[in-house]
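Below is one structure, written out as structure tokens, with a few remarks after it.
Just so it is clear, the values below take in all heavy atoms, side chains as well, and ignore hydrogens, waters and symmetry mates.
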Amino acid sequence: MRALIIGYGSIGGRHARLLADMGHEVACVTRNPECPYPAFADIPSALADKTPWLAVIATATTDHDANLRTLLDAGFTGRILVEKPLFTNTPKEPFTAGDNVSVAYNLRFHPMVTRTRELLAGRKVLNARFTVAQYLPDWRPGTDYSKSYSASRAKGGGVLRDLSHELDLAQFLLGGWKRATALGGRYGDLKIDSDDQYSVLMETANSPMVGVHMDYLSRTPHRGFEITCADRTLKADFMGGFLTVDGTVEEFPPERDATYRLQLEAMAVGDPTPCTYGQGLALVGLIEGLERAAAQHIWIEA
């Protein structure tokens, strides 16, 4: 079956490689001369050549809206995976997307997250903290970070959108947000015009106190969470590959492609785990609300 990758940058290239390894025929919509797969100039011409079972939108966030509309307007009914976040902002002209559209919050597929959901089942959560941080110039060795989409607010960059995995993960594990506030903006001396750090405090359906911190500034990369229940404490370290359960360590050796591959496999079989279009759109609304909360020093409510 053919899979169509729209946008052949670093993440588009990863999706293409994994799908090819899984035995799928791959084609791309790109003008990147380094693309090793059949390439098309635009979405209509790619669809006219052969109808894919899956379309992955891996372009700049600012282009997601137009790319998705083009697919839907063309009558495409196959599976669609949109890289996170779904949109830069809530569309001014809303449209309806069906169950075939998902958003690529791949941390949902990490084995530690699956294990954490098992351990939290039936337990009362008292508080939780999620953190993710890495120095932006170290993200993509050999490239100028100041020219990346992450550095540009106009291109949909900034930690609140770029690292929104944690906002999705907090709700995936602890239920939808009920109220929230935030501090954030550009604080460091990076050559960017997007936000470089945010700290969020929110109440979710299953936890009265959830903190989420994200930044482009830490010289020591880290990503993980700590969740305290009435009778259990969990601490996850994604980079180290271990989950500590009341002092007992469970190992989950890091595998760079694992969550992406599991996400694509889930798309192939209709697994309900991927972030839905509705959840992704709601997360865009939460991001906008958090920006407003930081600017106006207020709490927002779902």
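Under a 3.5 Å cut-off, the side chain of D195 and the backbone N or O of L160 do form a donor-acceptor pair. Proximity of a side-chain donor or acceptor of T181 to a complementary backbone N or O of I298 within less than 3.5 Å is detected. Formation of a donor-acceptor pair under 3.5 Å by the S152 side chain with backbone atoms of K155 is found in this model. Without hydrogens or angle criteria, D196 side chain to Y187 main chain gives a donor-acceptor distance under 3.5 Å. Between the side chain of S218 and the main chain of T220, a donor-acceptor pair closer than 3.5 Å is present. Y198 contributes no side-chain N or O that, together with a main-chain N or O of V212, makes up a donor-acceptor pair within less than 3.5 Å. Using a distance-only test at 3.5 Å, with no hydrogens or angles considered, no donor-acceptor pair links the side chain of D237 to the main chain of G224. Looking at N67, its side chain never comes within 3.5 Å of a backbone N or O of I57 through a donor-acceptor pair.
V159 and L190 fall within a single hydrophobic cluster, where Ile, Leu, Val, Met, Phe, Trp and Tyr are joined by side-chain heavy atoms under 4.5 Å apart, directly or via other members. By the criterion of side-chain heavy atoms lying less than 4.5 angstrom apart, applied directly or through intervening Ile, Leu, Val, Met, Phe, Trp or Tyr residues, L286 is grouped together with F130 in one hydrophobic cluster. Both F76 and L72 sit in one connected hydrophobic cluster of ILVMFWY residues. Membership requires side-chain heavy atoms under 4.5 Å apart, directly or through other members. Two different hydrophobic clusters hold V29 and L81 under the rule that ILVMFWY side chains link at heavy-atom gaps under 4.5 Å. Residues M267 and L107 are members of separate hydrophobic clusters, defined by side-chain heavy-atom contacts under 4.5 angstrom among Ile, Leu, Val, Met, Phe, Trp and Tyr.
Looking at heavy atoms from C-beta onward, T61 lies in side-chain contact with P85 at the 4.5 angstrom threshold. R2 is listed as a side-chain neighbour of D49, based on a closest heavy-atom distance under 4.5 Å. E255 places a side-chain heavy atom less than 4.5 Å from the side chain of D257. Counting heavy atoms from C-beta on, the side chains of R179 and I300 never come closer than 4.5 Å. Looking at heavy atoms from C-beta onward, D63 lies out of side-chain contact with I6 at the 4.5 angstrom threshold. The shortest side-chain heavy-atom distance between K191 and Y145 falls under the 4.5 Å cut-off. With a 4.5 Å cut-off on side-chain heavy atoms, S148 and T143 do not count as touching. The shortest side-chain heavy-atom distance between L167 and W177 does not fall under the 4.5 Å cut-off.
Taken to the nearest 0.5 Å, the NE2 atom of H15 stands 4.0 Å off from the CD atom of E83. Between the CG atom of L174 and the CZ atom of R117 there is a distance of 10.0 Å, given to the nearest 0.5 Å. One distance of note links OG of S150 with OH of Y216; it measures 4.0 Å at 0.5 Å rounding. Considering CG of L47 and CD1 of I43, their distance stands at 7.0 Å, rounded to 0.5 Å. The structure places CD1 of I192 at 14.0 Å from NZ of K147, a figure rounded to the nearest 0.5 Å. With rounding to the nearest 0.5 angstrom, the OG atom of S102 is 10.5 Å from the CG atom of L86.
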Practice problem: Please lay out, stage by stage, how R261 and D21 fare under the test salt bridge (charged side-chain N to carboxylate O under 4.0 Å, His left out). | Solution: CA-CA 10 Å; R261 184 172 55 251; D21 289 346; over 6 Å; no

Practice problem: Determine, step by step, whether D215 and L163 satisfy the side chain to side chain contact (heavy atoms under 4.5 Å, CB included) criterion, reporting the C-alpha distance in whole Å, the side-chain angles of both residues, the deciding distance to 0.1 Å, and the verdict. | Solution: CA-CA 8 Å; D215 74 57; L163 300 178; over 6 Å; no

Exercise. Might you work through the side chain to side chain contact (heavy atoms under 4.5 Å, CB included) test for L19 and I5, ending with a clear yes or no?
Key: CA-CA 10 Å; L19 284 162; I5 311 300; 3.7 Å; yes

Practice problem: Go through the steps to decide whether N106 and R108 satisfy the test side chain to side chain donor-acceptor pair (under 3.5 Å), and finish with yes or no. | Solution: CA-CA 5 Å; N106 57 290; R108 291 185 176 208; over 6 Å; no

Practice problem: Mind running side chain to side chain donor-acceptor pair (under 3.5 Å) on S199 and H213 for me, showing each step along the way? | Solution: CA-CA 4 Å; S199 284; H213 176 80; 2.7 Å; yes

Practice problem: Give the intermediate values and the outcome of salt bridge (charged side-chain N to carboxylate O under 4.0 Å, His left out) for residues D193 and R186. | Solution: CA-CA 7 Å; D193 66 14; R186 181 174 176 273; over 6 Å; no

Exercise. Could you walk me through whether E291 and R161 pass the salt bridge (charged side-chain N to carboxylate O under 4.0 Å, His left out) test, one step at a time?
Key: CA-CA 11 Å; E291 289 179 317; R161 289 172 174 79; 2.8 Å; yes

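Legend: residues meeting salt bridge (charged side-chain N to carboxylate O under 4.0 Å, His left out) with R232, ordered by chain and number and at least two apart, are D246.
In E301, the CD atom is not crowded: 12 or fewer heavy atoms of neighbouring residues, nucleotides or ligands sit closer than 6.0 Å. Heavy atoms from other residues, nucleotides or ligands lying under 6.0 Å from CE of M22 number more than 12. Atom CZ of R14 has more than 12 neighbouring heavy atoms from other residues, nucleotides or ligands inside a 6.0 Å radius. More than 12 heavy atoms of other residues, nucleotides or ligands sit less than 6.0 Å from atom CZ of R69. Crowding of L183 atom CG: a count of heavy atoms from other residues, nucleotides or ligands under 6.0 Å not exceeding 12. For Q296, the CD atom sits in a packed shell: over 12 heavy atoms of surrounding residues, nucleotides or ligands are nearer than 6.0 Å. The number of heavy atoms from other shown groups lying within 6.0 Å of CG (D189) does not exceed 12. More than 12 heavy atoms of other residues, nucleotides or ligands lie within 6.0 Å of CG in D138, so this atom counts as buried by the packing criterion.
Residues L120 and C229 share a closest heavy-atom pair of CD2-SG, 3.5 Å. A pairwise comparison of heavy atoms in C35 and C28 identifies SG-SG, 3.7 Å as the closest pair. Residues R140 and Y149 share a closest heavy-atom pair of NH2-CE2, 3.4 Å. Here the shortest heavy-atom pairing between A170 and V210 reads CB-CG1, 4.2 Å. Of all heavy-atom pairs between A20 and V26, the closest is N-CG2, 3.8 Å. Smallest separation of non-hydrogen atoms from L234 and V245: CD2-CG1, 3.7 Å.
Checked against the 6.0 Å centroid criterion, the rings of F87 and H64 do not qualify as a close aromatic pair. Remark: aromatic rings of F238 and H110 are close, center separation under 6.0 Å.
Remark: the D42 side chain and the S45 side chain contain an N/O donor-acceptor pair separated by less than 3.5 Å. There is a side-chain donor-acceptor pair under 3.5 Å between N89 and E288. Defined by atom type and a distance below 3.5 Å, a donor-acceptor pair is missing between the side-chain atoms of H222 and Q134. Under the 3.5 Å distance criterion, with hydrogens and angles disregarded, a donor-acceptor pair is assigned to the side chains of S164 and Y105. A side-chain donor from one of D271 and T273 sits under 3.5 Å from a side-chain acceptor of the other.
Each of D162, V284, L283 was evaluated against K84; a single residue qualifies, D162, per the side-chain contact (heavy atoms from CB on, under 4.5 Å) test.
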